[in-house]
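Reading through the structure tokens given below for one structure.
A quick note: this is a predicted structure, and the numbers were derived from the prediction, not measured. Protein chains get the first letters and strands the later ones, always in sequence-line order, with residue 1 at the start of each.
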2 protein chains.
Amino acid sequence: MTAPGRLSWTDVRDRIRARILNRTYAPGDRLPRDEDLALELGCARATVHRAMQELSQSGLIERKRKGGTHVRAHPVTRATFDIPITRREVEQRGSRYAYQLVSRQLEVPPSPVMARFGIHQSGPMLHVKAVHLADNRPYIYEDRWIDTGSAPEILNIDLTTQSANEWLVLNKPYSRVDVRFHAIKAAGEIARQLAVATGEALLIIERTTWIGDQPITTVQSATAPGYQLISQG
Amino acid sequence: MTAPGRLSWTDVRDRIRARILNRTYAPGDRLPRDEDLALELGCARATVHRAMQELSQSGLIERKRKGGTHVRAHPVTRATFDIPITRREVEQRGSRYAYQLVSRQLEVPPSPVMARFGIHQSGPMLHVKAVHLADNRPYIYEDRWIDTGSAPEILNIDLTTQSANEWLVLNKPYSRVDVRFHAIKAAGEIARQLAVATGEALLIIERTTWIGDQPITTVQSATAPGYQLISQG
DNA sequence: GAAATTAATATGTAGATACTTATTTTTGTC
DNA sequence: GACAAAAATAAGTATCTACATATTAATTTC
């Protein structure tokens, strides 16, 4: 990676992490200044800074100007998840993807939907329900609301051939997203569309996006039984 | 933030992100070289580099030596979750935390548990079941296996007063973690310990940690009905 | 023409220097 | 002692320079 004997920032990161792991620096402790660590390890302050940045991002330490660097007193497990376009997810599993529009209509969203956007009133939004299939079996059922103010073009898209999921992800990038997971019992339309028994436990992925302060879309994706979300390395 | 008229790396990041959002650089497109962008924007290459690093980490672009920088062709929604120590999670919700050990014994783990560690055989591990309570109501039921090879001290810890969750997080930092979410129907011991009806839908958080290649612990946490996991930032 | 070598190229890394900014600590004043 | 102003401090940022490294493209060799 680097000239032998010279420390790269990953080396520095690993060394400092090791010290945190072996409690040379225990939770809550203050670490030496970047400059002193640089001196001790024999590298530039910039190299220590780069390493610290990484450790900070991974949730292991906290840094403050003048306050210095501290090992997080209350460690957390930080996990990152990538949620791809459903079509791609299915295809990458090696399955055949298909998609079916269930319904599409302009409606004033009910208050739980407005709450997800953080608004209290709203004009009509486009309400779209659809099923994604993997090898002809239901994979995800999505119930989506789209703000036609921020995405008016969606009204002219033929949603029987292209999923709103795909169109939005490719054409309406967001500046903020809220993701949450929970579990529900299959019932009513969800059970029917996923072709599962009422009472089946389903993982729900709820995503809401904004561009600036403007709502774009909120979607509740009910996954087929057995669906797992797996963190990225 | 910076001398007026001078671009900080966050400015550069925001400008490039804006260009990606407004499709100046569309999915799959190659971006100009860092050096050219630096020239165009009037800043140093290092500043562009710092901005690019951030955009790369957030999943918006992909960079390769010589290959250059490309807008991700298949955008993903990237979400980060912090999973704190359960005690702290409960306390931060303003509830009173309590903890109860259900069972503790040395056993050879069944193959699904070994599979989570990626191993095919194993000696006995410490198998711990426990309930975390919030305001005296079951909050999370955890079923945990601990490798006594990498964490022998756990055998001397009194797990009736301190949860394995807390002890491990504070004393056995890991170098790798795998996190996954899915949903199950409450049944048997899980339903009993969470005091919910059989068939209730529960969100399951499964975490496995290693130090180097050495397994530390794997835990399946069954959350009480209504539990939600919410993404950070 | 295929395979292997060489050159070109864009990002990655390390270091030095100078300055900025948030925050704490100290000092001075009432 | 309380409060405000000033000094000190540690991380953050920006720039320049030099070199490393991975990949692709071009060229040579057989």
Side-chain angles (χ1 to χ4, degrees), chain A residues 1-17 19-20 24-73 233, chain B residues 1-17 19-20 24-73 233:
Chain A
M1 188 74 74
T2 311
R6 211 167 168 191
L7 287 178
S8 76
W9 69 266
T10 50
D11 297 334
V12 174
R13 176 199 61 193
D14 292 345
R15 284 212 195 182
I16 295 173
R17 186 193 319 201
R19 289 185 188 182
I20 294 172
T24 303
Y25 309 135
D29 280 6
R30 178 172 179 171
L31 273 66
R33 311 159 43 206
D34 290 7
E35 205 171 330
D36 293 339
L37 274 168
L39 204 70
E40 182 209 332
L41 299 172
C43 65
R45 177 161 84 92
T47 307
V48 174
H49 181 73
R50 180 70 186 82
M52 289 294 194
Q53 213 179 279
E54 186 92 348
L55 293 168
S56 173
Q57 191 139 26
S58 75
L60 215 58
I61 61 174
E62 278 173 334
R63 315 192 79 199
K64 260 202 316 209
R65 276 177 173 160
K66 163 76 183 178
T69 305
H70 289 260
V71 181
R72 264 183 95 124
Chain B
M1 187 74 72
T2 313
R6 212 165 164 194
L7 287 178
S8 77
W9 69 267
T10 51
D11 297 333
V12 173
R13 176 199 61 192
D14 292 345
R15 284 211 196 183
I16 295 172
R17 188 197 321 217
R19 289 184 187 181
I20 294 172
T24 302
Y25 308 136
D29 281 5
R30 179 172 178 172
L31 273 65
R33 312 159 42 205
D34 291 8
E35 205 171 332
D36 292 339
L37 275 169
L39 205 70
E40 182 209 330
L41 299 172
C43 65
R45 177 161 85 92
T47 308
V48 173
H49 180 74
R50 181 68 186 82
M52 290 293 195
Q53 213 179 275
E54 187 92 348
L55 292 168
S56 174
Q57 190 139 25
S58 76
L60 216 57
I61 60 173
E62 278 172 333
R63 314 194 79 200
K64 259 202 318 209
R65 278 178 173 159
K66 162 76 184 178
T69 305
H70 289 259
V71 181
R72 264 184 95 124

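Contact between B:A73 and B:P27 at its shortest, heavy atoms only, is O-CB, 4.0 Å.
Contacts of B:D14 classified as side-chain contact (heavy atoms from CB on, under 4.5 Å), with partners at least two apart in sequence or in another chain: B:R17. By the side-chain contact (heavy atoms from CB on, under 4.5 Å) test, B:T24 is found to be paired with B:R19, B:N22, residues two or more places apart in sequence or in another chain being considered. Applying the side-chain contact (heavy atoms from CB on, under 4.5 Å) rule to A:R30 yields the partners A:H70; only residues at least two apart in sequence or on another chain are considered. With sequence neighbours left out, A:D36 forms a salt bridge (Lys or Arg N to Asp or Glu O under 4.0 Å) with A:R33. With sequence neighbours excluded, no residue forms a side-chain hydrogen bond (donor to acceptor under 3.5 Å, both in side chains) with A:T47.
Residue B:R33 contributes atom CZ, which lies 13 Å from atom P of C:dG12 at whole-angstrom precision. The distance between atom CG of B:L7 and atom C1' of D:dT13, rounded to the nearest whole Å, is 13 Å. Whole-Å rounding puts the B:I61 CD1 to C:dG12 P distance at 9 Å. Between B:H70 atom NE2 and C:dA10 atom P the separation is 11 Å, expressed in whole Å. We find that CZ of A:R30 is positioned 9 Å from C1' of D:dT9, with the value rounded to whole Å. Between the C1' atom of D:dA10 and the CD atom of A:E62 lies a distance of 16 Å, rounded to the nearest Å. The separation between A:R63 atom CZ and C:dA22 atom C1' is 14 Å, rounded to whole Å. Distance A:Q53 CD to D:dA10 C1': 16 Å, rounded to the nearest Å.
In summary, of the residues considered (A:V48, A:D34, A:D29, A:L55), a side chain to side chain contact (heavy atoms under 4.5 Å, CB included) with A:T69 occurs for A:D34 alone.
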Distances under 3.5 Å only, N/O to N/O: pair up the protein atoms with those of nucleotides 23-26 of chain C.
none

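Within the 4.5 Å cutoff, the side chain of B:W9 has no heavy atoms near those of the B:C43 side chain.
OP1 or OP2 of D:dA10 has not a single side-chain nitrogen or oxygen of A:T69 nearer than 4.0 Å.
Residues from residues 36-49 of chain B placing a heavy atom under 4.0 Å of any atom in DNA chain D, listed by number, are B:C43, B:A44, B:R45, B:A46, B:T47.
Residue pairs meeting the salt bridge (charged side-chain N to carboxylate O under 4.0 Å, His left out) criterion with at least one member in residues 42-53 of chain A, sequence neighbours excluded, are A:R50-A:E54.
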